[in-house]
Amino acid sequence: MLTDDNPYQERFHALLEKIRGEVTGLRERIGELEEENQELRDELDNREHRDPDIFAALDETERMSMHHQVLGLISKIDQHLDEEGEE
C-alpha cells in the first residue's frame with residue numbers, strides 16, 4: 001500500500017492522472033465515432049431508399065442474359081485457375 005512517505009506515491013498519482021486523461025479522451029472519441037457511425041448508417045439508409053436496386057430496372061430477359069454472362073465468366077475463371085494449378 002502506498003503511504004504519504006512512499007517515494008513512488010507522486011509518480012503513481014501522476015501516472016494515474018495520465019491514465020484518467022487517456023480514458024476520458026477515449027470515451028470522448030467513442031462518442032464521436034458513435035455519432036459518425038450513426039450518420040453513415042443514416043446516409044446508407046437514405047441511399048438504399050433513394051437508389052433502386054440495379055437489377056430492379058432490368059426485365060427478366062436481361063436478368064437471364066446477365067446471369068448466363070456471369071456464369072460464363074465464373075467458368076472461365078475456374079478454368080484459368082485449374083490451368084494455373086496444373087503448372
Side-chain angles (χ1 to χ4, degrees):
M1 181 169 192
L2 296 178
T3 60
D4 288 336
D5 59 344
N6 190 320
Y8 299 106
Q9 182 177 14
E10 189 174 313
R11 177 81 173 134
F12 172 79
H13 286 292
L15 290 172
L16 186 60
E17 261 324 292
K18 187 175 180 179
I19 290 171
R20 285 182 179 142
E22 289 291 325
V23 168
T24 300
L26 289 171
R27 285 183 178 152
E28 290 172 0
R29 184 67 179 133
I30 287 171
E32 293 168 2
L33 290 172
E34 286 175 344
E35 288 177 16
E36 183 180 345
N37 188 27
Q38 188 57 51
E39 289 172 6
L40 291 171
R41 287 177 186 267
D42 292 344
E43 178 68 22
L44 180 62
D45 287 344
N46 288 338
R47 287 185 184 213
E48 285 178 349
H49 294 310
R50 184 181 61 216
D51 299 335
D53 183 6
I54 186 173
F55 298 108
L58 301 175
D59 64 18
E60 189 63 28
T61 306
E62 291 171 318
R63 279 190 212 134
M64 291 301 294
S65 174
M66 188 176 288
H67 179 74
H68 288 294
Q69 289 175 353
V70 169
L71 290 177
L73 289 172
I74 291 172
S75 175
K76 287 180 182 180
I77 292 170
D78 286 341
Q79 182 180 5
H80 178 73
L81 292 175
D82 287 343
E83 289 172 1
E84 279 190 1
E86 292 174 0
E87 293 176 1

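Numbers here simply count residues along the sequence, with the first being 1. All figures in this text were calculated on a predicted structure; none of them were measured in a lab.
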Return all side-chain donor-acceptor pairs below 3.5 angstrom for residues 33-41, not counting sequence neighbours, or 'none' if the list is empty.
unit_1: Gln38; atom_1: NE2; unit_2: Asp42; atom_2: OD1; d: 2.9

Counting only pairs under 3.5 Å, give me each side-chain donor-acceptor contact of residues 16-28, with atom names and distances, residues two or more places apart or in other chains.
unit_1: Glu17; atom_1: OE2; unit_2: Arg20; atom_2: NH1; d: 3.1
unit_1: Thr24; atom_1: OG1; unit_2: Arg20; atom_2: O; d: 2.9

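Not counting sequence neighbours, His68 has no partner by the side-chain hydrogen bond (donor to acceptor under 3.5 Å, both in side chains) test. Residues meeting the side-chain hydrogen bond (donor to acceptor under 3.5 Å, both in side chains) test with Glu32, sequence neighbours left out: Arg29.
At least one side-chain heavy atom of Asp59 sits less than 4.5 Å from a side-chain heavy atom of Glu62.
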